[in-house]
Amino acid sequence: MKPIIVISGPTASGKTALAVELAKKFNSEVVSADSMQIYKGMDIGTAKPAAEEMQGIKHNLIDIAEPYESYSVAQYSEAAEKVINRLHSEGKIPIMAGGTGLYINSVINGLDFSSGNSDENYRNELWSEAEKYGNAQLHKRLSEIDPESGKRIHENDVRRVIRALEVYKVTGMTMTEYRLAAAAAPPKYNAVKIGLEWDRAVLYDRINKRVDAMIRQGLEQEVRGLCNERFLKSTAAQAIGYKEMIAYFEGRMTLSEAIDAIKQGSRNYAKRQISFFGADKDINKIAVTGKDLPCIINEAEKLTGGLLL
RNA sequence: AGGGGUAUAGCUCAGUUGGUAGAGCAUUGGUCUCCAAAACCAAGUGCCGAGGGUUCAAGUCCUUCUGCCCCUG
């Protein structure tokens with residue numbers, strides 16, 4: 001089984017720095033798992049690693065989409081798999097790093113998003129149905145075909161109710177069966193997962209400071225330059241740091257309100273990430289509060305020491 | 001100084017004709033198989049500015065004080 005190293009953690013936890021160090025050590029490359037750094041031109045607000053930070057280490061899956069395009073896990077996992085295969089064929093251990101848990105899981109746990117199991121039209125149909133007849137009606141239909149998912153998914157979580165219905169229509173499998181199949185499948189990689197864990201208050205402080213730094217670096221100008229009709233309707237425009245700036249431009253908040261909202265949004269995001277990664281028992285957590293980079297690298301190396309191609 | 005207004009959860013506020021308090025946001029916890037920096041669920045919180053009075057009963061009425069806001073001079 002081919003090895004892979006996965007570095008996860010909340011925003012501003014220092015994933016990039018560790019990934020670069022490990023890539024240097026293993027003479028490999030970084031595979032980014034970040035749903036917003038994929039967009040070109042969104043640099044400051046997504047804290048995209050700058051050239052100095054990368055230290056000559058190649059970062060894959062950054063700047064692979066236009067900000068006005070729509071992109072999703074399905075495309076990501078396909079692209080990531082290609083990069084990983086390439087690295088393996090070159091005899092390198094891929095270093096995957098990023099904060100988008102679903103993206104990581106899609107490749108590591110082999111979640112199946114292949115194009116055959118989606119139906120855009122049906123999905124849209126269900127959305128309008130939900131609007132017309134209400135969430136409860138749709139949820140009831142899910143409960144009939146797949147009681148377990150019905151119990152698991154709240155009726156207001158319309159996206160998931162719809163996706164479960166969609167999966168059933170396209171594959172004939174209920175979402176419950178679908179998940180079971182993924183869980184039963186043998187692991188694709190010999191993955192060593194590392195999670196960076198911070199003391200909450202310290203992490204929040206880092207986040208606040210990082211947002212201030214983004215503003216100094218010219219976040220406002222960056223977002224201004226991106227704004228056009230297509231961008232405003234895109235997924236990318238929902239990114240933290242961007243949606244608030246847009247609100248400011250449109251007069252819905254003052255600049256200082258926008259900055260506060262970015263900080264708050266980032267903190268809330270970090271909390272969700274902590275919760276997401278916390279559920280993965282395979283992650284080896286490194287408590288990093290108060291530790292310097294060499295010390296963190298040392299702990300990470302202990303965890304990855306046994307990996308061989 | 002005089003007149004008016006206001007004081008309720010960390011914040012912004014709601015509290016009907018008096019029956020010991022609520023919503024949003026924040027916070028905390030959680031969910032997550034194609035928008036995931038998204039979407040969704042759950043939970044806690046109050047000397048109702050301070051004192052006095054009326055009343056069986058006061059966040060709600062009266063009064064004094066204090067803070068803040070507005071108007072007039």
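Within every chain, numbering begins at 1; the chains are lettered A, B, ... in the order of the sequence lines, protein sequences first and strands thereafter.
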Base, sugar-phosphate alone, or nothing: which one does [X] contact when heavy atoms must sit under 4.0 Å apart?
X	answer
A:Tyr204	sugar-phosphate
A:Ser114	base
A:Phe276	base
A:Arg272	base
A:Tyr103	sugar-phosphate
A:Glu120	nothing

Using a cut-off of less than 4.0 Å, is there contact between a side-chain N or O of [X] and OP1 or OP2 of [N]?
X	N	value
A:Lys243	B:rA38	yes
A:Asn156	B:rA39	no
A:Arg179	B:rC32	yes

Kindly assign one of parallel, tilted or perpendicular to the pair A:Tyr76 and A:Tyr103, based on the angle between their ring planes and the thresholds 30° and 60°.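 It falls in the parallel class, under 30°.
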| query | Have A:Tyr269 and A:Gln273 got a donor and an acceptor in their side chains that come within less than 3.5 Å? | reply |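 Yes, because at least one side-chain N or O of A:Tyr269 sits under 3.5 Å from a partner of the opposite role on A:Gln273.
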Fill in: Modelled atom types, side-chain donor and acceptor of A:Ser70 and A:Thr235, under 3.5 Å
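The answer is no; no qualifying pair exists.
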#### Entry: Pair of N/O donor and acceptor under 3.5 Å linking B:rA38 base with A:Arg159 side chain
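Side chain to base: pair found, below 3.5 Å.
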Q.
Is it the case that B:rC40 (base atoms only) and A:Arg160 (side chain only) share a donor and an acceptor within less than 3.5 Å, ignoring hydrogens and angles?
A.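 Result: no qualifying N/O pair found.
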Exercise. Using the test side chain to side chain contact (heavy atoms under 4.5 Å, CB included), find all partners of A:Arg206 that sit at least two apart in sequence or belong to another chain.
Key: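 Side chain to side chain contact (heavy atoms under 4.5 Å, CB included) check on A:Arg206 returns A:Trp198.
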For B:rC40 versus B:rU33, give the span between their C1' atoms, rounded off to a whole number of Å.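 Their C1' atoms lie roughly 16 Å apart.
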For RNA chain B, the dot-bracket notation using Watson-Crick and G-U wobble pairs below 3.5 Å, [ ] for pseudoknot-type crossings and | for other-strand pairs, is (((((((..((((........)))).(((((.......))))).....(((((.......)))))))))))).
Those residues that, when tested against A:Arg252, pass salt bridge (Lys or Arg N to Asp or Glu O under 4.0 Å) (two or more places apart):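 By the salt bridge (Lys or Arg N to Asp or Glu O under 4.0 Å) rule, A:Arg252 matches A:Glu250.
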